[in-house]
Amino acid sequence: MTNELNNWSKTKIKDFQATFLSWYDLEKRTLPWRENNDPYRIWVSEIMLQQTRVDTVIPYYLNFMNLFPTIQDLADADEDVLLKAWEGLGYYSRVRNLQKAAIQIVTEFNGEMPKDPALIATLKGIGPYTTGAISSMAFQLPIPAVDGNVMRVVSRLFEISEDIAKPASRKTFEKIMTDIIDPHKPGDFNQAMMDLGSSTCTPTTPTCNLCPINEFCQSFEKGTMLQYPVKSKKKKAKPVYYIGAIIKNNRGEFLLEKREEKGLLANMWTFPLVEEEPIIENTLLPLGGLTSKQPEDIEKQTLENLTKEIKENYQVEPVWLKKPFVEVKHIFSHLKWFIAVYFGQLIEDNDHEELPKNCKWVHPSEFDQYTFPGPQQKMWQAYLTKFKD
DNA sequence: AAGCCGGGGGT
DNA sequence: ACCCCAGGCTT
């Protein structure tokens with residue numbers, strides 16, 4: 001028994017479990033992955049739900065299970081089709097690892113999710129949280145599944161002051177959860193934590209008077225709910241500046257480039273992007289703050305650079321609009337992109353030679369066959385709005 | 001332990 | 001503008 005649980009007798013723990021689970025039986029959300037205990041369905045949902053809200057996940061989940069109804073289907077899937085099914089969800093390595101794990105399951109475990117948590121944890125993309133989630137929900141094993149919800153709820157229940165931003169803190173919460181989880185309904189218990197965290201025990205405005213377990217909550221008793229959880233601040237997203245080049249040829253096609261197979265937005269398609277140093281008069285500013293009123297010589301120099309870069313990298317020399325027609329901003333978890341988007345029209349039919357291997361001319365009617373990340377979606381929408389074709 | 005990896009919604 | 005979200009992998 002941990003120190004945090006000193007004042008919780010075995011009777012109190014059972015009382016807590018009964019109270020909590022009867023609330024869950026009445027109030028649990030109806031969700032597609034709760035229809036049964038199929039480990040595959042649960043697994044896919046858990047991967048999608050990493051850092052992603054339930055409402056966002058549901059339509060993706062339904063589509064995904066329709067496309068890939070079994071682990072074998074997932075293992076056999078074409079990677080482009082797979083990535084397309086994930087388009088817009090973010091953290092795209094999740095879906096690559098999902099397929100790697102499916103192949104692992106087919107080759108090493110006869111196509112069935114192993115029941116041993118130690119084996120589940122060997123699968124790509126499955127860490128401590130997801131191991132606990134699958135083990136408890138699909139196989140009724142009393143393993144905690146500690147996510148952000150659990151750390152918030154538990155930190156309030158027992159007034160735990162450890163910094164939940166630090167990876168090492170997870171063990172403290174796992175230990176407490178191991179002590180209080182209901183061994184007869186571990187899956188329900190873990191999911192009750194999720195539902196409570198999303199509906200009642202929310203980050204900034206918990207509705208403690210409606211909480212089914214407030215009588216057990218130490219911070220509710222003391223009125224310290226808003227002091228928990230303790231979480232150190234993340235660093236701010238770093239700004240990066242690009243020129244975006246939307247280039248159209250005389251067949252109405254646009255130049256697209258496939259990104260590297262590793263790193264940010266791996267294997268996804270965008271219009272050409274040229275990184276720029278936005279240093280004007282020794283000041284680092286977003287291009288977005290300059291384009292509208294930058295001095296003419298700067299404007300001219302930017303266009304010359306763009307012309308040169310595009311010619312060198314893509315062997316084309318379009319006629320450019322002199323100024324960017326839109327400034328796209330896109331915020332990632334760790335980066336902030338500012339893209340000044342230029343439009344160039346290719347007049348001569350010299351667009352079929354020397355194009356780099358990862359580039360293609362694509363007609364807009366075929367864009368739906370390519371996976372576009374957020375910034376690309378924004379550039380294209382801005383183009384459509386501006387030029388209405 | 002820290003950094004990398006998306007996107008959307010709430011406040 | 002900042003925080004949060006059913007985290008995991010790499011270095």
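In this text, all values refer to a predicted model and were calculated from it rather than measured experimentally. Chain letters run A, B, ... following the sequence lines, proteins first and then strands; every chain starts at 1. Because only heavy atoms are used, hydrogens play no part in the values below, and waters and symmetry mates are left out as well, while side chains stay in.
Summarising the local packing, CD of A:E261 is surrounded by 12 or fewer heavy atoms from other residues, nucleotides or ligands at distances under 6.0 Å. In the displayed structure, A:E260 atom CD is contacted under 6.0 Å by at most 12 heavy atoms of other residues, nucleotides or ligands. The environment of NZ in A:K185 is sparse: at most 12 heavy-atom neighbours from other residues, nucleotides or ligands sit within 6.0 Å.
For the C1' atoms, the distance linking B:dG6 with C:dC4 amounts to 14 Å, nearest Å. Taking atom P in both B:dG3 and C:dC3, one finds a spacing of 16 Å when rounded to whole Å. Using atom P as the reference point in both C:dC9 and B:dG8, the two lie 24 Å apart (nearest Å).
Among the atoms of the strands shown, none is found under 4.0 Å from any heavy atom of A:I164. Among the atoms of the strands shown, none is found under 4.0 Å from any heavy atom of A:R259. Across all strands shown, A:V57 has no heavy atoms under 4.0 Å from either base or sugar-phosphate atoms. Among the protein residues, A:G263 comes within range of the sugar-phosphate backbone only, with heavy atoms under 4.0 Å from sugar or phosphate atoms but none that close to a base. Nucleic acid contact for A:I47: none, since no nucleic acid atom lies under 4.0 Å from a heavy atom of the residue. Here A:L89 lies in heavy-atom contact (under 4.0 Å) with a base.
Ion pair A:E79/A:R96 flagged as a salt bridge, since at least one NZ, NE, NH1 or NH2 atom sits closer than 4.0 Å to an Asp/Glu carboxylate oxygen. Taking a cutoff of 4.0 Å between a charged side-chain nitrogen and a carboxylate oxygen, A:E87 and A:K84 qualify as a salt bridge. Looking at A:K28 and A:D195, no side-chain N of the basic residue comes within less than 4.0 Å of a carboxylate O on the acidic one, giving no salt bridge.
A:R29 contributes a side-chain N or O that forms a donor-acceptor pair with the base of C:dA6 under 3.5 Å. A:T52 contributes a side-chain N or O that forms a donor-acceptor pair with the base of B:dG6 under 3.5 Å. At a cut-off of 3.5 angstrom, counting only N and O atoms as typed in the model, there is a donor on one side and an acceptor on the other between the side-chain of A:R53 and the base of C:dC4.
Atom-to-atom, CD of A:Q51 to P of B:dG9 comes out at 16 Å; the value is rounded to the nearest Å. Rounded to an integer number of Å, the gap from A:D163 CG to C:dC3 P is 13 Å. Taking atom NZ of A:K262 as the reference point, atom P of B:dG3 lies 21 Å away to the nearest angstrom. The CG-C1' distance, from A:N97 to B:dC4, rounds to 14 Å in whole Å. Taking atom CG on A:D195 and atom P on C:dA6, their separation rounds to 10 Å, with Å as the unit. Nucleotide B:dG9 holds its P atom 9 Å from the CG atom of A:D55, rounded to whole Å. For the pair A:F332 CZ and B:dC4 P, the computed distance is 13 Å after rounding to whole Å. The separation between A:L49 atom CG and C:dG8 atom P is 12 Å, rounded to whole Å.
Here A:T130 reaches the OP1 or OP2 of C:dG8: one of its side-chain N or O atoms lies under 4.0 Å away. Between C:dC5 and A:R152, a contact under 4.0 Å exists linking OP1 or OP2 to a side-chain N or O. Phosphate proximity of C:dA6 to A:Q50: absent, as no side-chain N or O sits under 4.0 Å from OP1 or OP2. Remark: A:Y91 is not in phosphate contact with C:dC5, judged by side-chain N or O atoms under 4.0 Å from OP1 or OP2. The side chain of A:H334 places an N or O atom within less than 4.0 Å of a non-bridging phosphate oxygen (OP1 or OP2) of B:dC5. Using a 4.0 Å cut-off, some side-chain N or O of A:H330 falls inside it from OP1 or OP2 of B:dG7.
A donor-acceptor contact shorter than 3.5 Å links the side chain of A:Q376 to the backbone of A:F271.
Among C:dG8, C:dC9, C:dA6, the nucleotide with an atom closest to any side-chain atom of A:K124 is C:dC9. Of the listed nucleotides (B:dT11, C:dC4, B:dG7), B:dG7 has the atom at the smallest distance from the side chain of A:P373. For A:K236, the side-chain atoms get nearest to C:dC2 when compared with the rest of C:dC2, B:dT11, B:dG6. Taking only side-chain atoms of A:E46, from C-beta outward, the nucleotide of C:dA6, C:dC4, C:dA1 with the closest atom is C:dA6.
For residues 136-188 of chain A, the ring pair (Phe, Tyr, Trp, His ring centres under 6.0 Å) pairs, not counting sequence neighbours, are A:W8-A:F158.
Ranked by how close their nearest DNA chain C nucleotide is to the 5' end, A:L31 and A:L123 are led by A:L31. Toward the 5′ end of DNA chain C lies the nearest nucleotide of A:W33, the other residue of the pair A:G125 and A:W33 mapping further downstream. Of the two residues contacting DNA chain B, namely A:A266 and A:K235, the nearest-nucleotide position lying further toward the 5' end is that of A:K235. Annotation: of the two residues near DNA chain B, A:K166 and A:G90, the 5′-most nearest-nucleotide partner is A:K166.
Pairing for C:dA1 goes to B:dT11, judged as Watson-Crick or G-U wobble with the two contacts each under 3.5 Å.
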